[in-house]
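Note sheet for the following structure.
Naming: A, B, ... by sequence-line order, numbering from 1 per chain.
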Amino acid sequence: MEEKMDYKKKVAAALAPALNEYLTDTEIYEKIEIPKESKMGDYAFPTFTLAKVLRKAPQMIASELVEKIDQDQFEKVEVAGPYINFFLDKTAFGAEVLGTVLSQKAEYGQNDDGNQGNVPIDMSSPNIAKPISMGHLRSTVIGNSLSLIMSKNGYNPIKINHLGDWGTQFGKLITAYKLWGSEEEVKADPINKLLEYYVRFHKEDQEKPELDDIARDWFKKLEDGDEEAMNLWQWFREESLKSFKQIYDKLGITFDSYKGEAFYNDKMDEIVQILEDKGLLKESQGAQVVDLEKYNLNPALIKKTDGATLYITRDLAAALYRYRTYDFNQSLYVVGAEQTNHFKQLKAVLKEMGFDWSDDVHHIPFGLITLNGKKLSTRSGRVVLLDEVLNDAVSLAKKQINDKNPDLANADTVAKEVGVGAVIFHDLKNERTNSFDFNLEDVVRFEGETGPYVQYSRARAESILRKAGDVEEFAQLNITDPKAWDTLKALQDFPNIVKRAAAQYEPSVIAKYALGLAKAFNKYYANSKILADDEEKTARLALVKSVSIVLEESLRLLGVKAPDEM
RNA sequence: GGUUCGGUAGCUCAGCUGGAUAGAGCAUCCGCCUUCUAAGCGGACGGUCGAGAGUUCGAAUCUCUCCCGAAUCACCA
């Protein structure tokens, strides 16, 4: 199927007989480009490179070359200066694309490049007892979309929520809870109360440094498995997770594993042992480090002066655990760009340990969300709570529905899908690594290049299909209306887009594509009477149906719902 | 200071492996609902692609230098 739909190959084949004297088939194929505007054709072959070999002006080469080309299978082939422009047979092309989409439906664009290989994806990973902010949204939403994209490319993704459920902050939290907290309070509003205790601890320990000693003791007890400490820890974890899950539900995201930092407590000794056995550990200023000078990196700090392990030790244990558990094809970490250095170190240490699979470990960085140009920080109170943003977005969507479509049956459900969709889409539409300053109006915008625009485009398509009586059989698929051309070409491009999104680990590739397809379709919709009674009506409905399928699938790959009406 | 990433229209950003007059959205102004959802469509306005040099038939795209911004640079994660 893919071969059949590769029209560039057809162009290359047409050029080959006239050019094989100078260029190989692949060279020809690679030189073919897609013109910016469709009036310049669907494919173009520039002749500049031949000018040297042939010692002729490119324009002349083009006009001579075009004479030798078999033009039968194209609508036309014409010379435009130094370019040879190829125009495809639009009707045949369209019929082929529509036939493919309609027969494959949601499977359209699916490929088996991944060969069912496992791909654990480290994503979301919020800290226990802290609210989920817009910062976590990025990791969550990018990771989720990547899992869907990888799956569309034949991989088997495993979504891992590597919870921040261990560390000295739990000593502080327990201390604060014992001093000022109560069970009822926490149960009523776990995250906010726990955060409140934590913040109060940090305020009061400025003047009462003895609090830090108590906190240290509690963490020590926790590490030693003290029953009271463990029970409190367990309880904080559960309550936090409950409230995290409410947000994940709103986003429509699930996980395959919630193994967090604590899970690796008993798995770090082995890492230290391996490092020792391989003679990689060196003492430096009282600490144990792995020298990474040959990677042009700072030494990796494995054990602190007091013998305690660090973040990287835990991540090494997690990396090895994931390798053993999943025998992964690749292992992804959707973590902010500010941790790039850490992941370089992680990979380097794995390499030093002799694990050749370290090459399959990939950090997928993303840009920072700032507020008024400054980094978000829980302690300083500069937070944008995700839950509030989602709620704002949903109520704005509801208001919009009341204004524009007051009779809509399931208005509340649709408001959720549109509001949440707007937030997710906004996060995914630009390149991952771009940073952005948080602005509520931008995030919940419903017009222009937004999630709701794509949803709306598809809802209009669905509306037409309903009016047409939900046709399932399409008698014929030939469309001669040139206004449908851009939409048909966009539909045909989807399988390539799916591959590119996976190769670049970029949800924005899908988002941009969805916008482009929606835009092409809206233009068509505005200028053509789809339900007109003529012999091409079924073909037009086939186009509408195909657009709906591919838009829905694009949105699905982003983790955004596609309501039939809005 | 070292490393990494970025600097394209008033704002937010596209621009695939260098190619034909640099594109969208938002904002501003104007037009289009007695045609299928106006969350839409069309038009106008708007750019020395940070600066300079180089490679090339051709550079927003590749190389170098400089300017500006952000992240990061061992006992947090």
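Taking the ring axis of A/Tyr29 as reference, the NZ or CZ atom of A/Lys8 stays within 45° of it and closer than 6.0 Å to the ring centre.
Across all strands, A/Leu310 comes closer than 4.0 Å only to sugar-phosphate atoms, never to a base (heavy-atom distances). No engagement by A/Leu515 is indicated, since no non-hydrogen atom pair under 4.0 Å with the nucleic acid exists. As judged by a 4.0 angstrom heavy-atom cut-off over every strand, A/Ser284 is placed among the base-contacting residues. Contacts of A/Gln339 with the nucleic acid, taken as non-hydrogen atoms under 4.0 Å apart, include base atoms. Base contact: A/Lys529 has a heavy atom under 4.0 Å from a base atom. When heavy atoms are screened at a 4.0 angstrom cut-off, A/Pro35 is found touching base atoms of the nucleic acid. Among the atoms of the strands shown, none is found under 4.0 Å from any heavy atom of A/Ala51. Residue contacts shown for A/Asp564 include a base, since a base heavy atom lies under 4.0 Å away. Across all strands shown, A/Ala44 has heavy atoms under 4.0 Å from base atoms, whether or not it also approaches the sugar-phosphate. Among the atoms of the strands shown, only primed sugar atoms or phosphate atoms (P, OP1, OP2) are found under 4.0 Å from some heavy atom of A/Asn434. When heavy atoms are screened at a 4.0 angstrom cut-off, A/Val418 is found touching base atoms of the nucleic acid. At the heavy-atom level, A/Tyr453 lies under 4.0 Å from the strands shown only through sugar-phosphate atoms. Counting any heavy atom pair closer than 4.0 Å across all strands shown, A/Lys52 reaches sugar-phosphate atoms only and no base atom. Contact annotation for A/Arg314: no contact, since no heavy-atom pair falls under 4.0 Å across all strands.
If you take NZ of A/Lys429 and P of B/G25, they are 12 Å apart, rounded to a whole angstrom. Spacing between atom CE of A/Met40 and atom P of B/U21 amounts to 8 Å, rounded to whole angstrom units. Put simply, CG on A/Leu292 is 15 Å from P on B/C73, counting in whole angstrom units. At whole-Å resolution of the value, NZ in A/Lys523 and P in B/G25 are 10 Å apart. Going from atom CZ of A/Phe86 over to atom C1' of B/A20 covers 16 Å, rounded to whole Å. Distance CZ (A/Arg500) to C1' (B/G15): 10 Å, rounded to an integer number of Å. Across the protein-nucleic acid pair, A/Ile497 atom CD1 and B/A14 atom P stand 15 Å apart, rounded to whole Å. Straight-line distance from the CD atom of A/Glu338 to the P atom of B/G6: 16 Å, rounded to whole Å.
A salt bridge does not link A/Lys523 to A/Asp486: none of the charged nitrogens lies less than 4.0 Å from a carboxylate oxygen. Using a 4.0 Å cut-off between charged side-chain N and carboxylate O, A/Glu352 and A/Lys294 make a salt bridge. With salt bridges taken as basic N to acidic carboxylate O contacts below 4.0 Å, none links A/Lys172 and A/Asp205. A salt bridge is absent between A/Lys489 and A/Asp493: the closest approach of a Lys/Arg side-chain nitrogen to an acidic carboxylate oxygen does not fall below 4.0 angstrom. Salt bridge A/Arg445/A/Asp442: present, at least one basic N to carboxylate O contact under 4.0 Å.
Nucleotides B/U21 and B/A38, compared at atom C1', are 32 Å apart to the nearest Å. Across B/A59 and B/G2, the matching P atoms stand 31 Å from one another, rounded to whole Å. B/G25 and B/A44 are spaced 12 Å apart, taking the P atom of each and rounding to whole Å. Taking atom C1' on both nucleotides, B/A27 is separated from B/U63 by 39 Å, rounded to a whole Å.
In A/Asn296, the CG atom is not crowded: 12 or fewer heavy atoms of neighbouring residues, nucleotides or ligands sit closer than 6.0 Å.
In this entry B/G58 has no Watson-Crick or G-U wobble partner, no candidate having both defining distances under 3.5 Å. Partner assigned to B/C16 is none, using Watson-Crick or G-U wobble distances below 3.5 angstrom.
Partner A/Ile302 forms a side-chain contact (heavy atoms from CB on, under 4.5 Å) with one of A/Leu310, A/Leu280, A/Thr309, A/Val272 and no other, that one being A/Val272.
Between A/Tyr311 and the phosphate of B/A77, there is no side-chain N or O to OP1/OP2 separation shorter than 4.0 Å. Considering only side-chain N and O atoms, A/Lys36 lies under 4.0 angstrom from the phosphate OP1 or OP2 of B/A20. Note on A/Lys467: every side-chain N or O is 4.0 Å or more away from OP1 and OP2 of B/U35. Taking 4.0 angstrom as the limit, A/Asn522 places a side-chain polar atom (N or O) nearer than this to OP1 or OP2 of B/C41.
If you check distances only, the side chain of A/Asn85 does reach the base of B/A20 with a donor-acceptor pair under 3.5 Å. Taking only distance into account, the side chain of A/Thr433 never meets the base of B/C5 through a donor-acceptor pair shorter than 3.5 Å.
When each of A/Lys519 and A/Thr450 is assigned the nucleotide of RNA chain B with its nearest heavy atom, A/Lys519 is the one assigned upstream, toward the 5' end. With the nearest nucleotide of RNA chain B identified for both A/Glu447 and A/Ser435, A/Ser435 has the one nearer the 5' end.
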